[in-house]
Engineer: 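Below you will find the structure I want to go over with you.
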Amino acid sequence: MAALGREAGADRRAAGVVPVGVGEASKDIKMPTYIYGQSSPSLGDAKLRKPMVIEIIEKNFEYLRKEKTLNIYGTVTFGTTAGFSGILANLIFRRCFKVKHDALKTYASLTTLPFLSTIVSYELLVRHALYSGNISRENCVLRSSLIGIVCGVLYPIALAFSKNGRLAVKYHTVPLPPKGRVLRYWLLLCQTEVKAMVIPLILQTALGIYHGLQHYAIFESTLEKTVHED
């Protein structure tokens with residue numbers, strides 16, 4: 001009987017009817033295990049890739065922090081020179097109109113208002129527009145220089161002229177001309193001393209051009225480094 005069983009088993013194996021053995025089953029079990037294990041390298045790559053992404057983000061933040069710090073220093077410097085222009089304009093017109101009243105009030109306003117107007121104008125018309133991608137390098141320099149001229153020189157002159165002119169009328173420090181000729185009279189009265197404002201005019205124009213070029217260069221380099229790191 002045993003011999004017949006062995007012969008029958010041999011015939012089944014020869015015909016390919018024999019069920020899968022234990023050794024073959026273990027091979028089939030290993031297949032899904034191997035296929036499932038294929039995802040482990042991608043997880044490893046993700047773990048390796050995560051520090052790289054964090055490093056890139058940190059570098060980008062460092063670029064932006066440096067760029068922001070330099071821009072803040074440049075804008076504050078630009079506004080500070082506008083404040084000094086206001087002080088000089090106030091000194092000139094107080095001397096022309098022979099005004100000795102409300103010195104602290106006029107000097108405070110002539111220092112603060114040009115300073116704030118220059119910073120706000122620069123932030124809105126140059127920095128915000130630059131990061132919005134709306135202006136070119138030439139336009140950036142042009143806007144910056146115009147802000148230096150208008151907010152740093154012309155506005156302090158007009159402000160000092162009006163404030164000290166009102167004080168002159170209020171305290172009668174200078175004789176009043178006939179009606180309708182006050183503005184012309186005051187301009188003729190101050191035309192010699194107001195020429196000293198040419199110095200801050202040249203300074204503010206030069207600073208405007210310099211800050212415009214520097215700001216655009218910093219923005220361009222930061223953008224290139226950010227894109228390169230990405």
Engineer: Taking the side chain as everything from C-beta on, heavy atoms only, tell me whether Val99 gets closer than 4.5 Å to Arg94.
Structural biologist: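 Yes; the side chains approach each other to less than 4.5 Å.
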
Engineer: Let me confirm one number: the CD1-CG distance from Ile157 to Leu159, rounded to the nearest 0.5 Å.
Structural biologist: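 Answer for the CD1-CG pair, Ile157 versus Leu159, is 11.0 Å.
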
Engineer: Is any side-chain heavy atom of Ser144 closer than 4.5 Å to one of Phe78?
Structural biologist: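 Yes. Closest side-chain heavy atoms under 4.5 Å.
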
Engineer: Do Leu154 and Leu113 share a hydrophobic cluster, counting only Ile, Leu, Val, Met, Phe, Trp and Tyr and linking them when any side-chain heavy atoms are less than 4.5 Å apart?
Structural biologist: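 Result: no, two separate clusters.
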
Engineer: Supply the atom-to-atom distance Thr205 OG1 to Leu201 CG, rounded to the nearest 0.5 angstrom.
Structural biologist: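 It comes to 4.5 Å.
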
Engineer: Taking the six-membered ring where the residue is Trp, are the ring centres of Trp186 and Phe93 under 6.0 Å apart?
Structural biologist: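 Between Trp186 and Phe93, the centre distance exceeds or equals 6.0 Å.
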
Engineer: With a 4.5 Å cut-off on side-chain heavy atoms, are Ile147 and Gln204 touching?
Structural biologist: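 Result no, sub-4.5 Å side-chain heavy-atom pair not found.
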
Engineer: What distance do Lys105 atom NZ and Leu110 atom CG have between them, rounded to the nearest 0.5 Å?
Structural biologist: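 Taking NZ in Lys105 and CG in Leu110, the distance rounds to 12.5 Å.
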
Engineer: Show the numbers, then the answer: is there a side-chain contact (heavy atoms from CB on, under 4.5 Å) between Ile119 and Phe115?
Structural biologist: CA-CA 6 Å; Ile119 290 179; Phe115 175 81; 3.3 Å; yes

Engineer: Which heavy atom of Pro200 sits nearest a heavy atom of Ala196, and at what distance?
Structural biologist: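 Shortest heavy-atom contact: CD-O, 3.4 Å.
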
Engineer: Looking only at heavy atoms, what is the nearest atom pair of Ser109 and Lys163, with distance?
Structural biologist: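 Taking every non-hydrogen atom into account, OG-CE, 3.3 Å.
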
Engineer: Give the cluster check for Leu188 versus Phe161: same hydrophobic cluster or not, with ILVMFWY residues linked at side-chain heavy-atom distances below 4.5 Å.
Structural biologist: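 No: no chain of side-chain contacts under 4.5 Å links Leu188 to Phe161.
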
Engineer: Within the structure provided, determine whether Thr80 and Val76 are in side-chain contact (heavy-atom separation under 4.5 Å).
Structural biologist: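 When only atoms from C-beta onward are counted, Val76 and Thr80 do touch, with a gap below 4.5 Å.
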
Engineer: What verdict does the side-chain hydrogen bond (donor to acceptor under 3.5 Å, both in side chains) test give for Tyr122 and His211, after you've listed the backbone C-alpha separation in whole Å, the side-chain angles of each residue and the deciding distance to 0.1 Å?
Structural biologist: CA-CA 10 Å; Tyr122 193 86; His211 286 306; 5.5 Å; no

Engineer: Starting at CG of Leu130, measure out to OG of Ser136 and round the result to the nearest 0.5 Å.
Structural biologist: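 If we round to the nearest 0.5 Å, Leu130:CG and Ser136:OG are 10.0 Å apart.
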
Engineer: Using side chain to side chain contact (heavy atoms under 4.5 Å, CB included) as the criterion, point out the one residue from Pro114, Ser117, Pro156 that pairs with Cys151.
Structural biologist: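 Option passing the side chain to side chain contact (heavy atoms under 4.5 Å, CB included) with Cys151: Ser117.
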
Engineer: Quick check on Tyr107: does its OH atom have over 12 non-hydrogen neighbours (other residues, nucleotides or ligands) under 6.0 Å away?
Structural biologist: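 More than 12 within 6.0 Å, yes.
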
Engineer: Decide yes or no for Tyr171 and Asp102: does some side-chain heavy atom of the first lie under 4.5 Å from some side-chain heavy atom of the second?
Structural biologist: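 They are in contact (side-chain heavy atoms under 4.5 Å apart), so the answer is yes.
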
Engineer: Just by modelled atom types, is the Thr118 backbone N or O under 3.5 Å from a matching donor or acceptor in the Ser121 side chain?
Structural biologist: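 No; zero donor-acceptor contacts below 3.5 Å.
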
Engineer: Do Glu123 and Val120 come close enough that some side-chain heavy atom pair is under 4.5 Å?
Structural biologist: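 Answer no - side chains too far apart.
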
